[in-house]
Amino acid sequence: MSDSGRDRPPAPHPLPIPVADNHTHLDLSRDGDGPPDVQAVIDAATAVGVPHMVQIGCDLPSARFTVEVIESYAALLGGVALHPNEAPRLHESGELDSARREIELLASHPRIRVIGETGLDYFRTGTEGVAAQQDSFRWHIDLAKRTGKVLQIHDRDAHEDVLRILAEEGAPERTVLHCFSGDITMARECVERGYFLSFAGTVTFKNATGLRNALAVTPTENLLVETDAPYLTPAPHRGATNAPYLVPLTVRAMAAVLSTDVPSLCTALAANSEMLYGPW
Ligand SMILES: [Zn+2]
């Protein structure tokens, strides 16, 4: 594995029951690191009880990479989409229609089980991009329904519009809010609608009391765990590069918030992933 000298957090204590990392980016690197060595990432994760990962490709190069890598590694399933920050750019440059055709083609691969990440990002994209984002979100909702795949949603500072558009379009049968960032009220609304809430390392952050409160009211039947690596590294390693082998830190933090034991939570997380994505 390439190592630029950044401190690599030590491997956490292995989980007693294997779980899946429901959302990771194996093609992305941070701050001049080379792209990760996929086999080494899988080996490190498997050694701590995270033998399964969903690789998410959210622009065309990354979606093509995703299809290649899921064909090579049994530990990986994939998701493809045009990210909410990518859609307005493609719209501007006149490349949106051809990009959609290619995503739809890549999505037909049997090991692509996710349409995502799509959704809304009002943090990175300004008001000029909102119409294109919303149109793109609706298109991906429809694609997930037509293909029968799981929808994974990116929601940054756009909770109300995400819920509104899902209600207007009719959400796919299996819908996941990736890196859930809402409050208690939103968590309850999502659970009522049958959505899944995927928690990332953010739930371990010191200032994330609102997020932990949202987790505390979410039934384990609606829960997933993810890294969103290489970002959102869980405490106490915030700032280091994230990778799937750090999932146990987030799982243990979630168990503490839920006042449940780690094996029971792992069993639920594993069952939920399998129910959503099917066998690896
Ligand atoms: Zn992501």
Side-chain angles (χ1 to χ4, degrees), residues 19-31 33 35-36 38 41 45 50 52-67 69-70 76-90 99 103 106-107 112-125 133 136-137 140-141 143-144 149-159 162 174-182 190 195-205 208 211 223-234 238-247 249-250 273 276-277:
V19 304
D21 179 350
N22 285 271
H23 184 115
T24 189
H25 301 279
L26 298 175
D27 52 325
L28 298 181
S29 57
R30 281 175 58 168
D31 311 336
D33 287 355
V38 173
V41 170
V50 188
H52 294 148
M53 285 138 253
V54 182
Q55 152 64 26
I56 298 293
C58 42
D59 58 21
L60 285 182
S62 163
R64 291 173 195 138
F65 166 86
T66 299
V67 168
V69 88
I70 58 174
L76 305 178
L77 292 175
V80 293
L82 301 170
H83 194 277
N85 293 321
E86 179 73 358
R89 198 189 62 73
L90 292 166
I103 289 293
L106 294 170
I112 294 290
R113 307 275 171 82
V114 172
I115 303 301
E117 57 191 281
T118 176
L120 302 174
D121 189 323
Y122 294 169
F123 179 79
R124 288 248 185 95
T125 297
Q133 270 195 359
S136 178
F137 185 26
H140 284 90
I141 293 172
L143 179 61
K149 310 218 176 196
V150 179
L151 184 71
Q152 277 201 11
I153 296 170
H154 169 102
D155 162 21
R156 191 150 183 202
D157 297 348
H159 303 327
V162 163
R174 293 167 296 161
T175 295
V176 174
L177 281 104
H178 121 73
C179 188
F180 184 77
S181 59
C190 290
Y195 304 162
F196 285 76
L197 282 61
S198 183
F199 284 83
T202 41
V203 79
T204 70
F205 293 178
L211 190 57
L223 282 179
L224 298 169
V225 67
E226 66 169 74
T227 52
D228 204 15
Y231 313 111
L232 308 180
T233 314
R238 255 187 108 163
T241 298
N242 202 4
Y245 81 100
L246 294 174
V247 158
L249 297 171
T250 304
S273 298
L276 283 171
Y277 308 115

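Remember, it's 1-based here, ligands and their atoms both numbered in the order they're listed. Along the sequence shown, the residues carry numbers beginning at 1. The figures here come from the full heavy-atom set of this structure, side chains too, leaving out hydrogens, waters and symmetry mates.
- Counting only N and O atoms by type, the side chains of Asp27 and Ser62 include a donor and acceptor under 3.5 Å apart.
- Inclusion of Cys179 in the first shell of the Zn ion (ligand 1) is not supported: no N, O or S atom falls under 2.8 Å.
- Of the possible donor and acceptor atoms, one in the side chain of Thr233 sits under 3.5 Å from a partner among the backbone N and O of Ala240.
- The atom of Asp228 that is an N, O or S and sits closest to the Zn ion (ligand 1) is OD1.
- A pairwise comparison of heavy atoms in Ile112 and Leu106 identifies CG1-O, 3.6 Å as the closest pair.
- Sorted by first and then second residue, the salt bridge (Lys or Arg N to Asp or Glu O under 4.0 Å) pairs involving residues 224-234 (not counting sequence neighbours) form an empty list.
- As for Glu117, its N/O/S atom nearest the Zn ion (ligand 1) is the one called OE2.
- For the Zn ion (ligand 1), the N/O/S atoms of His23 include one lying under 2.8 Å.
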